[in-house]
Amino acid sequence: MKPSHVAAIRKSRARRARGGSYNRRRTVHATPISSSRFDSSGNRYRSIGRAHTVMDEPAIRTVAMPRDTNPAGDIFGGWLMSQMDLAGGVVAARHAHGRCATVCVDRIEFQRPVHVGDEVSLYASLTAVGRASMRIRVLACRRLRTGEEYEQVTAAVFVFVALDEAGRPRPVPPLASRPGSRGGSGRRAAND
């Protein structure tokens with residue numbers, strides 16, 4: 001673990017021990033990729049940015065297996081993207097209280113490879129809501145099987161649409177504003 005991460009963890013623990021600004025509701029912050037920080041068990045413990053919803057722990061945690069590899073022995077990007085889609089779907093279904101479908105994925109860039117045996121943790125946060133659509137930022141991190149450090153592998157923004165029983169778009173609840181924010185229920189998710 002980098003010395004700056006260790007110092008940040010100690011600082012966070014000290015603040016919690018003093019009863020400082022530790023948020024028990026475990027909100028996730030929509031942040032730039034480089035500002036995410038993780039503790040030794042892979043939970044995101046603090047970041048800078050706009051808080052929106054759902055979780056501080058991974059939406060999904062899985063292990064990359066040999067059947068998920070390409071001929072070079074690295075994990076297929078398509079497998080990782082499908083895991084990210086599942087993590088985003090967990091958050092979308094929770095917010096919409098029902099069935100959702102992926103509509104599009106904004107730019108995805110694979111920054112580091114994932115190898116067989118790596119533990120992959122996928123974090124997802126709701127960043128914007130439209131009439132029937134939701135924008136969800138998904139971050140993928142890996143932990144070497146033999147190590148304790150987590151490193152980010154990729155991130156992307158997924159757009160989901162809530163569907164009714166007939167498969168047509170249906171309205172979703174608005175994005176709740178944070179306590180202390182200046183009103184508004186968040187940005188619109190897509191063109192709806």
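Fair warning: this is a prediction, and the values are worked out from it, not measured in the lab. Side-chain atoms are counted along with the backbone in the values below, which use heavy atoms only and exclude waters and symmetry mates.
By the 4.5 Å heavy-atom criterion applied to side chains, V161 and S133 are counted as neighbours. I108 places a side-chain heavy atom less than 4.5 Å from the side chain of M84. Here the side chains of F76 and D68 are not in contact, with every heavy-atom distance at 4.5 Å or above. Between P173 and H97 there is a side-chain heavy-atom pair separated by less than 4.5 Å. Looking at heavy atoms from C-beta onward, V120 lies in side-chain contact with W79 at the 4.5 angstrom threshold. Side-chain contact between H115 and R142 is present, with heavy atoms from C-beta onward closer than 4.5 Å.
Here the closest heavy-atom approach between residue A162 and residue V172 is recorded as CB-CG1, 3.3 Å. Annotation for P169 and A132: closest pair CB-CB, 4.0 Å, computed over non-hydrogen atoms. Closest of all the heavy-atom pairs between S121 and Y150 is OG-CE2, 3.5 Å.
Both F110 and V138 are assigned to one and the same hydrophobic cluster, defined by single-linkage of ILVMFWY side chains at heavy-atom distances under 4.5 Å. Hydrophobic clustering of Ile, Leu, Val, Met, Phe, Trp and Tyr side chains at less than 4.5 Å, counting indirect connections, unites I75 with M81. By the criterion of side-chain heavy atoms lying less than 4.5 angstrom apart, applied directly or through intervening Ile, Leu, Val, Met, Phe, Trp or Tyr residues, I60 is grouped together with L126 in one hydrophobic cluster. Hydrophobic clustering (ILVMFWY, side-chain heavy atoms < 4.5 Å, transitive): L144 and L80 are in distinct clusters.
Among residues two or more places apart in sequence or in another chain, the side chain to side chain contact (heavy atoms under 4.5 Å, CB included) test is passed with R168 by D164, A166.
Note that CZ of R170 is 7.5 Å distant from CG of L163, once rounded to the nearest 0.5 Å.
Cluster note: V63 groups with M65 through ILVMFWY side-chain heavy atoms spaced under 4.5 Å, whether in direct contact or through intervening members.
Applying the side chain to side chain donor-acceptor pair (under 3.5 Å) test to every pair with at least one member in residues 100-109, sequence neighbours left out, gives these pairs: D85-T102, D106-R135, R107-E109.
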